[in-house]
Amino acid sequence: MTNVFDILEERGYIEQMTHPTEIKELFGKKSVPFYIGIDPTADSLHVGHFVSLMVASHMQKCGHKPIILVGGGTATIGDPSGKTDMRKMMTRETIDHNVACIKKQIEKFVSFEGENSAIIVNNADWLLDLNFVQFMRDIGSLFSVNKMLSAECYKQRLETGLTFFEMSYMLMQSYDFLHLYETYGCKLQMGGNDQWSNILGGVDLIRRIGKDDSYGLTFKLLTTKEGKKMGKTEKGALWLDSEKTSPYDFYQYWRNIEDESVETVLKLLTFLPIEKINELTSLKDEQINKAKKVAAFEITKLVHGEEEAKKAEEASNALFNGSGNLDNMPTVELGDNKNISIVDAIVLTGIAPSKGQARTLINQGGISLNDNKVSDINYLLSENDFADGYAILKKGKKVFYKLV
RNA sequence: GGGUAGGUGGCCGAGUGGCUAAAGGCGGCAGACUGUAAAUCUGUUCUCAUUUGAGUACGAUGGUUCGAAUCCAUCUCUGCCCA
């Protein structure tokens, strides 16, 4: 069987490792239980979790056992890494709800059946019942504050203030690893590169209690070439839930990605063979759009299924190339009253959040109806605009809505 | 516990009684240029009404004043220094 290490390395997932040679050797053996943590801060996963799930999937395909840890316990604190402010605390109920929702999305990436079936664990199950004094004596005594403070992730927070509450996040995450090590024989913790110090904490903890076969590995974070996190949109995060981010918008996000990122997303977010990817990314200038189309389709297919991906692609072709059918473009039903003002229509579709902004858009020439630029802010929609049974409202070059 | 500096629009950050819906930057959106890319340039960026206008907003509450983000009181949160 292929050593998954080679796959991860070839596709460029790996950022840092605690013990490169040992890890490679470990992967060559039979089933290795490994864990990846996910914070249930919302009722859907977003692009930030995508790479983790891809890695988990690759790992499982090569015969390893994924343990998906949802941080039901730690989410009540919030990881201070890289944050400038303390996160809002969440109630147990919302967290439980989120965990249930997230579970469904994870199922698209790893299998919960068969020999190396994935399991989902919730650290609330062991963290919430801990006895504070005992925990501090057993675990807390093994952590050096000096060392923690020198970690990059805390340095930034040191300037703006950091509570002890938040600082204990590392202890808990480390304890998670220890717990999984002891109960499932989990040898490896993986996570985004922002998790490096927390992961090191866990590896260190296990070594301090006398075991030397725990390892940590982090993977690349998806960033634009300016180093910003990828997956931010005007409406916030790019969600994996079709209710929060439609498959069409999801497709469009990847379709519009900057040239420099095509190779990265193809390697990290699709299962296309590396040869195929190299072929696509060797395209230059305008031709690179072909690679973007493939990326958008493949990535959408993974998250929303082939059918939705095809629909998104069709809608995209219809709108930008003028061919194909318009059935699958985002549609807003106006009901019986079609004679509303253009401004109301814009707000109704969510193209702009307020009437004022809708007017601004019109004044700037950013709105068109059925391919005619709208210049009158008092324009009223009429039957004529629905000549084909629908009207197409367009903001800028890329945002379309069909009105029926 | 004592001292001290602060809390401004999505973020950063000016602003110390009327000219402040609040400079500047970032981010967002649109226009131009393009390849549904990047970079660049221009415009725009609280809500409602658009002609002027109105409402809400500068941690919270109350007060002084013709008039407050700006002054006073109380509360609350945060940084820093001392213990």
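Chain A is the first sequence line, chain B the second, and so forth, proteins listed ahead of strands; every chain is numbered from 1. Model, not experiment: these values are computed from the prediction.
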Nucleotide N/O of nucleotides 22-25 of chain B paired with protein N/O under 3.5 Å:
none

Using the C1' atoms only, state how far B/rA68 lies from B/rA57, rounded to an integer number of Å. 13 Å
If we take the C1' atom in both B/rU70 and B/rC82, what is their distance in whole Å? 32 Å
Nearest whole angstrom, please: distance from the C1' of B/rC29 to the CD1 of A/I362. 14 Å
Check: protein-nucleotides 31-34 of chain B nitrogen or oxygen pairs below 3.5 Å:
from, atom 1, to, atom 2, distance (Å)
B/rC33, N4, A/K397, NZ, 3.3
B/rU34, O4, A/K397, NZ, 2.7

Which donor-acceptor pairs under 3.5 Å do side chains of residues 132-142 of chain A form with protein atoms, sequence neighbours excluded?
from, atom 1, to, atom 2, distance (Å)
A/S141, OG, A/R137, O, 2.5

In whole Å, what is the span from the CG atom of A/L280 to the C1' atom of B/rG35? 17 Å
Counting any heavy atom closer than 4.0 Å, what does A/D285 reach on the DNA or RNA strands: base, sugar-phosphate only, or nothing? base
Specify whether A/F177 and A/Y181 have parallel, tilted or perpendicular ring planes, treating 30° as the upper limit for parallel and 60° as the lower limit for perpendicular. perpendicular
With salt bridge (charged side-chain N to carboxylate O under 4.0 Å, His left out) as the rule and sequence neighbours excluded, what pairs involving residues 339-356 of chain A come up? A/D344-A/K355
Taking atom C1' in both B/rA14 and B/rU64, compute the distance separating them and give it to the nearest angstrom. 27 Å
Below 4.0 angstrom from OP1 or OP2 of B/rU44, is there any side-chain N or O of A/T360? no
Please list all pairs meeting side chain to side chain donor-acceptor pair (under 3.5 Å) that have one or both residues in residues 264-278 of chain A, counting only residues at least two apart or in different chains. A/E263-A/K267
Other residues, nucleotides, ligands: >12 heavy atoms within 6.0 Å of A/E25 CD: no
Please state how far atom CZ in A/F400 lies from atom P in B/rU36, giving the value in whole angstrom units. 11 Å
Pairs satisfying side chain to side chain donor-acceptor pair (under 3.5 Å), at least one member in residues 288-299 of chain A, at least two apart: A/R255-A/N289, A/D259-A/K292, A/Q287-A/K290
Could you tell me which residues satisfy salt bridge (charged side-chain N to carboxylate O under 4.0 Å, His left out) with A/D385, sequence neighbours excluded, listed by chain and number? none
Expressed in whole Å, how much space separates the P atoms belonging to B/rU51 and B/rC33? 30 Å
Atom P, compared across B/rA73 and B/rG25: separation rounded to whole Å: 37 Å
C1'-based separation of B/rC75 from B/rG31 [nearest Å]: 49 Å
Taking the six-membered ring for Trp, are A/W126 and A/H179 parallel (under 30°), tilted (30 to 60°) or perpendicular (over 60°)? parallel
With sequence neighbours excluded, tell me which residues meet side-chain contact (heavy atoms from CB on, under 4.5 Å) with A/A352. A/I346, A/Q357, A/A358, A/L361
Using ring centroids (six-membered ring only for Trp), state whether A/F50 and A/F109 fall under 6.0 Å. yes
For the side chain of A/I377, counting heavy atoms from C-beta on, which of B/rU50, B/rC46, B/rA37 is nearest? B/rU50
B/rA54 pairs with which nucleotide, Watson-Crick or G-U wobble, both distances below 3.5 Å? B/rU47
Report which part of the nucleic acid A/S316 touches: base, sugar-phosphate, or nothing (heavy-atom distance under 4.0 Å, all strands). base
Sorted by chain and residue number, the side-chain contact (heavy atoms from CB on, under 4.5 Å) partners of A/S52 (sequence neighbours excluded) come out as A/I36, A/F219
Which nucleotide, in any strand shown, forms a Watson-Crick or G-U wobble pair with B/rG79, with both distances under 3.5 Å? B/rU4
In whole angstroms, the gap separating C1' of B/rG35 from CD of A/E286 amounts to 5 Å
C1'-based separation of B/rG15 from B/rG24 [nearest Å]: 11 Å
Contact check, residues 287-308 of chain A vs RNA chain B, heavy-atom distance under 4.0 Å, returns A/I288, A/N289, A/K292
Looking at B/rC46, B/rC48, B/rU36, which one has an atom nearest to any side-chain atom of A/F320? B/rU36
According to ring-ring contact (aromatic ring centres under 6.0 Å, His included), who are the partners of A/H58, at least two apart in sequence or on a separate chain? A/Y13, A/F271
OP1 or OP2 of B/rA49 under 4.0 Å from side-chain N/O of A/R359: yes
Please name all residues satisfying side-chain contact (heavy atoms from CB on, under 4.5 Å) with A/K104, sequence neighbours left out, ordered by chain then number. none
Does A/D259 get its side chain close enough to the base of B/rG35, under 3.5 Å, for a donor-acceptor pair? yes
Nearest-Å distance once atom C1' is located in both B/rA21 and B/rU56: 10 Å
